[in-house]
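Everything on this sheet refers to the single structure shown next.
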Amino acid sequence: MAGMLKLLLICALLVPAAPRALQTEGPAPELVAQAVEAIDGAFKNKKTGTEKLVAALNAYGRTADKEVVKSVAAGLKRKQSEVQLAAIEALRFNPHPDALEALHHSFKKDKKLRKKDELYSALVKAICQHGSESSIPLLSRNPLHKISHDVARARVLGFGMIRHADSVAGLVKLLQSVTARVREPLMEDFRTSLYLLTGVDKGTNTRAWLAWWNKNKKTIKVATEAPKLPELAQIRWERYWGLERTYERGKKRRERGDDPE
């Protein structure tokens, strides 16, 4: 099952999402009708197999319309994990505001889904992909030792996608809430997200980060654009989030950017 979920996730990421800046108008009514009919039809037909349900969600689930989002959200409640994952991925890249609301609702209410680590981590990732500060309270719930490594990682890296000062506070809160045993395997991820939000690099030294936080927490500002990571780290970040590379690197940089302090 784990292999199947990973395969479906990869397939979903191969479908490019249109840049949000270009999505100034909604999809054509006929496209919306086609998407709703395809998804609803697949769900209503009891003979429709899992593969066809997933195919319908992958093909039409990213159509930016509230009725489509409503149809896709029904997939979150299906028994098949593959269908749930396809619905999560469709909502992850659907730019309509209702998509994030549907993901938030599932995060708050669906305890059964959250018991499946791969689905839970995908759900957190989908929420963070929208980059909304409204998600920060959800990401800040519960210390990391109560969840799997993959879910914890999705939360830590997810904060790095939400460009808001409260994301920095949320990361520091998580950093302080766990033991060294839980924290150490995630420190490179903490470092990445904190650097992307602040432009500051204190490595994987927890004490250094906390000292920096105590000194600067009242004046933190998060820039609109994230700084670039070193080459390999940037590639890993973009692959994790399914982002397209939109720039060419200049000189190779062996270390992260200069610490402004």
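Counting from 1, the numbers follow the sequence of the chain as shown.
In terms of modelled atom types and a separation under 3.5 Å, the side chain of His105 and the main chain of Leu100 share no donor-acceptor contact. Checked by atom type and distance alone, the side chain of Asn45 never pairs as donor or acceptor with a backbone atom of Gly41 at under 3.5 Å. Panel note: side chain Ser106, backbone Ala102; no donor-acceptor pair is recorded below 3.5 Å. Between the side chain of Asn216 and the backbone N or O of Trp212, at least one donor-acceptor pair lies under 3.5 Å. Here the side chain of Ser140 pairs no donor or acceptor atom with the backbone of Gly170 at under 3.5 angstrom. Under the 3.5 Å distance criterion, the side-chain polar atoms of Arg183 are matched with a main-chain donor or acceptor of Val178. Glu133 contributes no side-chain N or O that, together with a main-chain N or O of His164, makes up a donor-acceptor pair within less than 3.5 Å. The backbone N or O of Lys77 lies less than 3.5 Å from no partner atom in the side chain of Asp110, so there is not a single donor-acceptor pair. Put simply, the side chain of Thr198 gets close to the backbone of Val200: a donor and an acceptor are under 3.5 Å apart. The main-chain N or O of Ala35 is never found under 3.5 Å from a side-chain atom of Thr63 such that the two would form a donor-acceptor pair.
A cation-pi arrangement is present between Lys125 and Tyr240, with the terminal nitrogen or guanidinium carbon under 6.0 Å from the aromatic centre and inside a 45° cone about the axis.
Summarising the local packing, CD of Glu184 is surrounded by more than 12 heavy atoms from other residues, nucleotides or ligands at distances under 6.0 Å. Summarising the local packing, NZ of Lys66 is surrounded by 12 or fewer heavy atoms from other residues, nucleotides or ligands at distances under 6.0 Å.
Rounded to the nearest 0.5 Å, atoms CZ (Phe190) and CG (Leu174) are 5.0 Å apart. From Arg236, atom CZ reaches atom CD of Glu188 across 7.0 Å, with rounding to the nearest 0.5 Å. In this structure, CG on Leu103 lies 5.5 Å from CD1 on Ile127, to the nearest 0.5 angstrom. The distance from atom CD1 of Ile39 to atom CZ of Phe43, rounded to the nearest 0.5 Å, is 7.0 Å. How far CG of Leu196 is from CG of Leu229: 4.5 Å, rounded to the nearest 0.5 Å. Arg78 CZ to Leu57 CG: the interatomic distance, rounded to the nearest 0.5 Å, is 9.5 Å.
Proximity of Phe159 to Ile136: side-chain heavy atoms (C-beta onward) are separated by under 4.5 Å at one or more points. Looking at Leu175 and Met187, their side chains come closer than 4.5 Å, going by heavy atoms from C-beta outward. Inter-residue side-chain proximity for Lys108 and Leu138 is flagged as met; some heavy-atom pair is nearer than 4.5 Å. Residues Tyr60 and Val72 are not in side-chain contact: their nearest non-hydrogen atoms beyond the backbone lie 4.5 Å or more apart. Residues Leu186 and His149 have side chains in contact (heavy-atom distance under 4.5 Å, counting atoms from C-beta outward). With a 4.5 Å cut-off on side-chain heavy atoms, Cys128 and Leu157 do not count as touching. Under the 4.5 Å side-chain criterion, counting only non-hydrogen atoms from C-beta, Tyr120 is not in contact with Ser148.
Closest approach of Pro227 to Gly199, counting heavy atoms only: CG-CA, 4.1 Å. Residues Leu76 and Gln84 share a closest heavy-atom pair of O-NE2, 3.0 Å. The heavy-atom pair separating Ser121 from Val151 by the smallest distance is N-CG2, 3.7 Å. For Val182 against Pro185, the heavy-atom pair with the smallest separation is O-CD, 3.3 Å. In plain terms, the two heavy atoms of Ile88 and Ala126 that are nearest each other are CG2-CB, 3.7 Å. Closest heavy-atom contact between Ala64 and Asn94: CA-OD1, 3.5 Å.
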request  = Would you sort out whether Leu197 and Leu171 count as a side chain to side chain contact (heavy atoms under 4.5 Å, CB included), showing the intermediate values?
outcome  = CA-CA 10 Å; Leu197 292 169; Leu171 280 167; 3.7 Å; yes
inquiry  = For a side chain to side chain donor-acceptor pair (under 3.5 Å) check, start with the C-alpha distance between Glu238 and Gln234, then their side-chain angles and the critical distance, and finish with the verdict.
reply    = CA-CA 6 Å; Glu238 290 169 353; Gln234 187 72 32; 3.1 Å; yes
message = Let's go through Leu85 and Glu118 carefully: what are the C-alpha distance in whole Å and the side-chain angles of both, what is the deciding distance for side chain to side chain contact (heavy atoms under 4.5 Å, CB included) to 0.1 Å, and is it a yes or a no?
response = CA-CA 9 Å; Leu85 180 61; Glu118 289 193 71; over 6 Å; no
task = Output, in order, the C-alpha distance, side-chain angles, deciding distance and verdict of side chain to side chain contact (heavy atoms under 4.5 Å, CB included) for Ser167 and Val222.
result = CA-CA 9 Å; Ser167 289; Val222 175; over 6 Å; no
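Comment: Asp98 does not engage Lys70 in a salt bridge, judged by the lack of any side-chain N to carboxylate O separation of less than 4.0 angstrom.
Hydrophobic clustering, with ILVMFWY side chains joined whenever heavy atoms are under 4.5 angstrom apart, keeps Phe93 apart from Leu31.
The salt bridge (Lys or Arg N to Asp or Glu O under 4.0 Å) analysis of residues 147-172, with sequence neighbours excluded, yields the pairs Arg153-Asp189.
Between Trp241 and Trp237, a ring centre-to-centre spacing shorter than 6.0 Å is recorded.
Counted by atom type alone, Ser135 and His104 present one or more donor-acceptor pairs between their side chains at under 3.5 Å. At a cut-off of 3.5 Å, with distance as the only test, a side-chain donor of Gln129 or Arg92 sits close to an acceptor on the other residue.
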